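All remarks here apply to the structure that follows.
Positions are given from 1, in the same order as the sequence printed here. Since the model is a prediction, treat every value here as computed from it, not as a measurement.
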Amino acid sequence: MMAASLCILPASAQLSTNPDKFLGNITTGNSEMDHDGFRFSDYWNQVTPENATKWQSVEGTRGVYNWGGADNAANYAKQHNFPFKFHTFIWGSQYPSWIKDLSLNERYDAIAKWMDAAKEHYPYLQVMDVANECMQGHQDDTYLFKDALGGGGKTGYDWLIKAFEMAGERWPDAILVYNDFNVLRWDNNNLYIPLVQTLRDAGAPIDAYGCQAHHFTLNDIPKDELKNRLNTLQSSLKMPMYITEYDINFDDDSKQATKYKEQIPLFWEADYCAGITLWGWFLGATWAENTGLIRNRQERAALQWLREYMQTDAAKNAKSPFPGTKKEASIYIRPASLKVAAGDVLPIKIHARLATKTIQKVDLYVNDELVKTMTEVPYIVEHTAKKASWNTMKAVVTATDGTTYERYGGFTVAKGTKRSPYNGTPTEIPGIVKANEYDKGLVDVTYSSGVSRSNPMSVSNGQWMDYTVDVKEEGLYTMDLEVASAIAGGRFHLAEYSFDNIEFLTDFTDVPNTGSTTEFQPVHCSIKKYLTAGKHVFTLLVEKGGFYIKDMTFKLLPTFAMPGTVEAEDFVTNKGGSVVTINGGFAWGNAANGDYAEYSVKVNQAGKYAYEATVASEVSGSKFTMKLIDSEGNETSMPLVKVPNKGKDTYEVKTGTVKEALNEGVYTLRINVTGGNCNIDKVKFICTEPVSGINEVETDNASNAPTYNLMGVPVNAGYRGIVIKNGKKMFVK
């Protein structure tokens with residue numbers, strides 16, 4: 001397994017001798033490095049696998065990972081001391097076909113596991129394309145990722161922010177890149193700059209933008225036009241840039257060389273350009289015709305010129321924002337919102353970290369005015385928005401050695417109603433939050449366009465609303481949202497936009513056909529995050545509308561008492577299954593083989609127990625097991641529960657016993673479904689033999705282990721009553 005650090009040392013054999021920028025290329029054929037007698041390392045000092053690190057190549061069969069081709073490139077790069085670039089995690093092409101059959105929640109989990117698998121295999125990646133070709137119209141299947149990662153949300157690009165957050169959590173020291181084509185020409189709708197700018201301004205851990213530069217993009221672009229486009233990109237984004245996929249499609253050697261001579265120096269000599277990756281080097285072994293640089297084992301004119309150019313002082317001394325392809329500074333400015341009303345107080349957090357140096361101070365500027373100098377974490381500022389227009393931000397991090405590092409951002413200020421809770425003070429939870437009482441404020445600040453104040457309230461695709469709440473009791477919660485719909489297909493989820501990430505508080509939840517738009521029923525959701533006491537701003541996001549909503553009831557998840565009843569829908573965590581309605585209440589239902597749910601329970605009465613499980617199923621072979629797990633991981637299992645096939649709405653009580661006596665204390669109850677579709681309404685636990693906290697009963701035939709009374713004094717074998725043996729309380733008759 002390839003798991004070692006891919007460290008960088010100065011290269012000497014390649015075309016480029018610049019120690020700070022790389023001139024790279026891609027693998028050839030089946031992840032081949034050296035080709036036809038030519039050594040990759042004699043030319044290039046960076047490698048991007050053409051296909052071997054794409055999801056389909058690695059996990060074509062779910063759960064089966066093939067890293068062979070990727071390791072060819074990664075190991076070669078390590079051996080020759082140059083960067084290996086991972087390309088790519090999020091792309092609406094060359095993904096495994098099996099993800100189309102997954103639900104949104106399952107697809108999200110699959111994406112996370114895909115990243116986890118790459119993290120385990122390559123823990124020390126230096127540079128990666130986190131997302132590829134995500135502009136509208138570039139890949140038809142981008143929706144498979146967009147929907148699963150949260151959709152457009154409040155920013156329009158929530159899902160991409162989430163993707164970068166997921167990558168940043170796993171590789172905080174890697175250079176994280178967004179990559180796309182039609183960037184240097186033909187971006188007629190000017191989508192690229194707003195996309196990257198939104199990621200930057202929202203505080204996503206994006207470190208660079210990648211400009212694909214394939215033949216169709218550059219062949220007919222005049223030099224001055226290309227130069228102007230590069231200047232426009234950089235003046236708008238103010239971030240490091242990579243030329244990621246460069247090739248020129250000319251059969252005529254001189255024409256190809258002319259374009260190289262015009263374009264490569266513009267890229268290479270820009271201080272903000274961190275490197276260039278060519279997309280292939282052998283004629284006939286590249287993705288597009290006539291783009292190769294070696295023909296009939298001879299270097300074409302463009303390659304000959306490139307060798308000469310890389311030996312010039314201009315090429316050797318060109319600066320890079322990532323010297324040696326190492327990220328010294330990780331700086332991201334995260335405002336609480338990208339749009340506020342004039343007079344709003346906007347909290348802003350600067351995430352700042354240096355790899356090898358120590359931070360002395362962090363300065364935040366808004367519109368070139370110093371707002372605050374900070375010397376201790378967390379670097380948080382509360383800025384009162386004034387100028388009703390676009391406002392720029394700049395964070396300057398100064399190290400103790402005097403070096404400085406910068407990061408830019410921005411937000412919009414508009415005239416209008418300032419943000420405030422609907423009723424003046426945050427709604428307390430546990431409790432009820434009325435759906436139409438979302439926060440007061442401007443459109444795109446506290447709610448999206450088209451949202452009404454009616455009760456009930458109709459919602460449409462892509463709408464969202466903010467609710468400021470006061471959590472009075474910390475813990476795990478559930479939310480029941482009252483919905484009405486004449487059709488199925490609606491979908492929503494609850495999120496919180498924190499200073500650290502976009503937290504999905506609930507799974508994506510489907511809205512059923514309730515019978516009409518006036519027949520309301522609650523849809524049950526588990527809050528997946530432990531909520532701390534105090535103020536929170538929840539955002540209800542509607543992925544697919546066409547339904548009505550009323551009240552959101554937030555209930556603190558109980559730690560169920562034993563003896564007592566565990567309500568199956570109030571799980572702390574689960575895999576699979578869904579919360580279904582039953583006689584005006586809820587059950588955990590549609591649970592299939594391999595699904596599970598876990599609950600927090602507290603045994604208040606030690607002793608032997610029996611249980612009564614209220615269950616139903618519409619298939620034969622439905623069954624499940626239960627076990628209790630104590631704080632040390634010790635397990636107490638219960639017999640298999642077989643669920644009769646009498647219909648999903650016909651519930652029966654199945655009984656059984658817990659084999660071992662239970663001590664007082666807090667446990668995790670885990671229900672594992674091992675066959676068929678299973679619905680569980682509740683499980684009642686009855687103490688059948690109370691023993692007052694005593695583990696078991698001993699007779700005169702006690703073991704020879706040392707025995708103590710409750711005062712800790714040793715007693716002999718003739719002692720009768722409560723004793724302590726092997727660390728346990730026992731009763732000796």
Side-chain angles (χ1 to χ4, degrees), residues 10-26 42-46 48 82-83 85 127 177 179 181-186 208-250 252-281 290-294 299-325:
S12 58
Q14 297 86 17
L15 300 184
S16 171
T17 58
N18 186 312
D20 294 331
K21 299 193 181 199
F22 60 68
L23 179 64
N25 218 308
I26 60 171
D42 286 344
Y43 290 86
W44 321 112
N45 61 355
Q46 179 267 338
T48 298
F82 57 66
K85 181 184 182 185
V127 59
V177 185
N179 189 50
F181 65 85
N182 281 7
V183 176
L184 300 174
R185 205 175 200 202
W186 300 329
Y209 60 97
C211 301
Q212 293 184 22
H214 286 300
H215 60 95
F216 52 79
T217 306
L218 296 175
N219 277 352
D220 59 349
I221 184 170
K223 182 178 180 180
D224 287 345
E225 184 180 333
L226 176 59
K227 186 175 182 179
N228 289 338
R229 180 59 178 170
L230 289 169
N231 289 338
T232 298
L233 285 167
Q234 184 56 21
S235 62
S236 300
L237 300 176
K238 293 182 172 63
M239 292 172 61
M241 179 266 284
Y242 285 99
I243 298 297
T244 55
E245 304 181 23
Y246 183 87
D247 53 29
I248 297 296
N249 180 18
F250 276 126
D252 186 300
D253 287 359
S254 63
K255 288 183 178 180
Q256 185 190 49
T258 296
K259 287 299 178 183
Y260 267 75
K261 293 175 185 178
E262 286 182 359
Q263 296 167 358
I264 292 294
L266 285 179
F267 305 143
W268 189 262
E269 294 174 28
D271 290 352
Y272 54 86
C273 179
I276 299 175
T277 302
L278 308 184
W279 209 254
W281 54 313
N290 297 322
T291 59
L293 294 171
I294 294 177
E299 295 182 359
R300 298 180 69 185
L303 182 54
Q304 295 174 23
W305 170 84
L306 191 58
R307 183 186 301 280
E308 294 172 0
Y309 170 70
M310 285 295 158
Q311 298 309 308
T312 65
D313 288 343
K316 290 180 180 179
N317 298 325
K319 295 180 180 179
S320 168
F322 298 119
T325 316

Checklist outcome for this item: So NE2 of H214 and CZ of F181: to nearest 0.5 Å the spacing works out to 9.0 Å

Checklist entry - Looking at residues at least two apart in the chain, or sitting in another chain, which of them share a ring pair (Phe, Tyr, Trp, His ring centres under 6.0 Å) with Y272? => result none

Next on the checklist: Nearest 0.5 Å, please: how far is CD in E308 from CG in L15?
Outcome noted: 11.0 Å

Item to check | Nearest heavy atoms of L23 and S16, plus distance in Å | outcome: CB-CB, 4.0 Å

Checklist entry - Under a 4.5 Å cut-off applied to non-hydrogen side-chain atoms, are I264 and W305 in contact? => result yes

Item to check | Under 3.5 Å donor-acceptor, K21 side chain and C273 backbone | outcome: yes

Next on the checklist: Minimum heavy-atom separation for G210 and V183, please, with both atom names.
Outcome noted: O-CG2, 4.5 Å

Next on the checklist: Show the nearest heavy-atom pair for residues T244 and K85, with the distance to one decimal.
Outcome noted: CG2-NZ, 3.5 Å

Next on the checklist: Once side chain to side chain contact (heavy atoms under 4.5 Å, CB included) is applied, do any residues pair with Q311, and if so which ones, sequence neighbours excluded?
Outcome noted: T17, K316

Checklist entry - Does the side chain of Y209 pick up a donor-acceptor pair with the side chain of Q234 at under 3.5 Å? => result yes

Next on the checklist: Side chains of L278 and W44, heavy atoms from C-beta outward: is any pair under 4.5 Å?
Outcome noted: yes

Next on the checklist: Determine whether a donor-acceptor pair (N or O, by modelled atom type, separation under 3.5 Å) exists between the side chain of R185 and the backbone of L226.
Outcome noted: no

Next on the checklist: side chain to side chain contact (heavy atoms under 4.5 Å, CB included) for Q212 and N179? Distances and angles first, verdict last.
Outcome noted: CA-CA 7 Å; Q212 293 184 22; N179 189 50; 3.2 Å; yes

Item to check | Distance-minimising heavy-atom pair for G280 and N25 | outcome: N-OD1, 2.8 Å

Checklist entry - To the nearest 0.5 Å, how far apart are CD in E245 and OG1 in T291? => result 12.0 Å

Next on the checklist: As a quick check of understanding, evaluate side chain to side chain contact (heavy atoms under 4.5 Å, CB included) for T48 and W279, giving each step before the final call.
Outcome noted: CA-CA 9 Å; T48 298; W279 209 254; 4.2 Å; yes

Item to check | Validation row, ring centre F22 to ring centre Y242 under 6.0 Å | outcome: yes

Checklist entry - Between K227 (side chain) and L266 (backbone), is there a donor-acceptor pair under 3.5 Å? => result no

Next on the checklist: With rounding to the nearest 0.5 angstrom, report the CZ to CG distance, R300 to D253.
Outcome noted: 4.5 Å

Checklist entry - Should T325 and Q46 count as side-chain neighbours, where that means a heavy-atom distance under 4.5 Å? => result no

Next on the checklist: Looking at N290 and N249, would you say the former's side chain and the latter's main chain have a donor-acceptor pair under 3.5 Å?
Outcome noted: no

Checklist entry - Okay, side chain of W268, backbone of A318: is any donor-acceptor separation there less than 3.5 Å? => result no

Checklist entry - Taking atom OH of Y309 and atom NZ of K261, what is their separation to the nearest 0.5 Å? => result 13.5 Å

Next on the checklist: Please give me the minimum heavy-atom distance between A213 and I243, naming the atom from each residue.
Outcome noted: CB-CG2, 4.0 Å

Next on the checklist: For the CD1 atom of I294 and the OH atom of Y43, what is their distance to the nearest 0.5 Å?
Outcome noted: 4.5 Å

Item to check | Main-chain N/O of I248 paired to Q256 side chain as donor or acceptor, under 3.5 Å | outcome: yes

Checklist entry - Under 3.5 Å, is there a donor-acceptor pair between the side chain of Q304 and the main chain of E299? => result yes

Checklist entry - What pair of heavy atoms forms the shortest contact from P321 to D271, and how long is it? => result CD-O, 3.1 Å

